[in-house]
Protein chains: 2
Amino acid sequence: MGTLADHIEAYIKHLLQRSESRSVELSRAQLADAFSCVPSQINYVLATRFTLERGYIVESRRGGGGYIRIAHVQVEDDLTHAANLLKSIGSQLSERRMENILARLQDLGMITPRHCRLIRGIVQQETGAIGQGKDLLRASLVRALLFYIIESECREW
Amino acid sequence: MGTLADHIEAYIKHLLQRSESRSVELSRAQLADAFSCVPSQINYVLATRFTLERGYIVESRRGGGGYIRIAHVQVEDDLTHAANLLKSIGSQLSERRMENILARLQDLGMITPRHCRLIRGIVQQETGAIGQGKDLLRASLVRALLFYIIESECREW
DNA sequence: CAGATGAAGGTCAGTAATAGTCAAAGAAAG
DNA sequence: CTTTCTTTGACTATTACTGACCTTCATCTG
């Protein structure tokens, strides 16, 4: 049981499990056809179920020979807490809250003091270059960098 | 890699790799014939895949004995070059320019395909959450992530 | 020489094949 | 009844490919 979106989600996850490479490439139009729905329904499923937060990376290309590729990047159990912290960042992030989050992640052993220094430096550099919306940009930057750090550290390059 | 343009691109890159001089000379008409397409398709491939931003120089001559020569730009110092690429980002960055920069850095061996996918995913996730100013945010995010990646890799050696 | 000829490559606009966006309508949940 | 999630479709954006027409250059011919 469940909605059409649920079925499409399940189908894509099934494809991912069967795939050795943890990634699958599909055609939006074909998939929509297989489920007898409009193509944009596929975008809805991707946007709501296959987000970075949930551990998926979606790439696509338009035009002739276009495709949608979905990859699963597995997040380990011990990273769940860190992932929740990232989620809590929201759309804006003050410097104070950033410091709190960095401190907690450091406590958890997820990042090193060096990571913190790098993040502070980069964020300062980037937010210094704009007049308005510093908290918005800081939220995006910190989330991006932390996600990257956490994601890449539990995996071989 | 599915389209004809992709195949032609791969073929030319293959030729370049086999060549000691890092450059290759070809005949547009012959190449088009080999791939059973119109000659202007070759121009399309050159214009979209072998740009200066991606590190290629294309020279050609018309008339009898005409040719197309494609050279792969070599740089003495990859790090300096990468730094210049980052500097070239500026305050705004379109998706297309991002792709070119990622392709170039990958080509230089500074980042891996996995890095690219992560960056694309993170950027997509973050820029998808806002309505306006995507190019501004993308510039900051890409600069931040690339800076972080390159910085932490250099310290490792 | 000068002009003609033929053999390259170049340009551009149009067509086709994809995927993305957004807002509104509909359905389900609280 | 209100809020949130799902579904739809009209409109938009991007990429690939083609073909008619244009430009350049080497060589031939008188």
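When reading the values below, keep in mind they use all heavy atoms of this one structure, side chains included, and skip hydrogens, waters and symmetry mates. Chain identifiers are assigned alphabetically (A, B, ...) following the order of the sequence lines, protein sequences preceding nucleic acid strands; residue numbering begins at 1 within each chain. Owing to the predicted nature of the structure, the values given are computational and were not obtained by experimental measurement.
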Discussion item. If I take atom CG in residue A:Asp33 and atom P in nucleotide C:dT18, what distance separates them, rounded to the nearest angstrom?
Written reply: 12 Å
Fill in: Atom pair distance, as rounded to whole Å: CG in A:Leu26 and P in C:dG20
11 Å
Worksheet, complete the sentence: Whole-Å distance, A:Ile8 CD1 to D:dC5 C1', equals 14 Å
Worksheet, complete the sentence: salt bridge (Lys or Arg N to Asp or Glu O under 4.0 Å) pairs touching residues 23-43 of chain A, sequence neighbours excluded, are A:Glu25-A:Arg69
Item to complete: Report the distance from atom CG of A:Leu31 to atom C1' of C:dG20, rounded to the nearest whole Å.
Response: 15 Å
Worksheet item: Taking the six-membered ring for Trp, is the centroid-to-centroid distance between B:Phe35 and B:His7 below 6.0 Å?
Response: no
Please list every donor-acceptor pair under 3.5 Å in which a side-chain atom of residues 129-139 of chain B meets a protein atom from a residue at least two apart or in another chain.
from     : atom 1 : to       : atom 2 : distance (Å)
B:Lys134 : NZ     : B:Thr127 : O      : 3.0
B:Lys134 : NZ     : B:Ile130 : O      : 2.9
B:Asp135 : OD1    : B:Arg138 : NH1    : 2.7
B:Arg138 : NH1    : B:Leu93  : O      : 2.8

Worksheet item: Does the pair A:Glu126 and B:Arg143 meet the rule for a salt bridge (charged side-chain N to carboxylate O under 4.0 Å, His left out), with working shown?
Response: CA-CA 9 Å; A:Glu126 293 294 330; B:Arg143 189 165 40 229; 2.5 Å; yes
Discussion item. Any base atoms under 4.0 Å from A:Ile68, or only sugar-phosphate, or nothing? Heavy atoms, all strands.
Written reply: sugar-phosphate
Worksheet item: Rounded to whole angstroms, how far apart are CG on B:Asn43 and C1' on C:dT11?
Response: 8 Å
Worksheet item: Between C:dG20 atom C1' and B:Lys134 atom NZ, what is the distance in whole Å?
Response: 10 Å
Discussion item. Other residues, nucleotides and ligands only: do more than 12 of their heavy atoms fall within 6.0 Å of CD on A:Gln92?
Written reply: yes
Discussion item. For A:Gln30, I'd like to know if atom CD has over 12 heavy atoms of other residues, nucleotides or ligands within 6.0 Å.
Written reply: no
Item to complete: If a protein heavy atom is under 4.0 Å from the base, mark B; if only from the sugar-phosphate, S; if neither, -; do that for nucleotides 9-21 of chain D going 5' to 3'.
Response: B---BBBBBBB--
Fill in: Side-chain N or O of B:Ser60 closer than 4.0 Å to phosphate OP1/OP2 of C:dG10
yes
Fill in: Atom-to-atom span, CZ of B:Arg28 to P of C:dA7 - whole angstrom
15 Å
Worksheet item: Rounded to the Å, how far apart are A:His7 NE2 and D:dT6 P?
Response: 13 Å
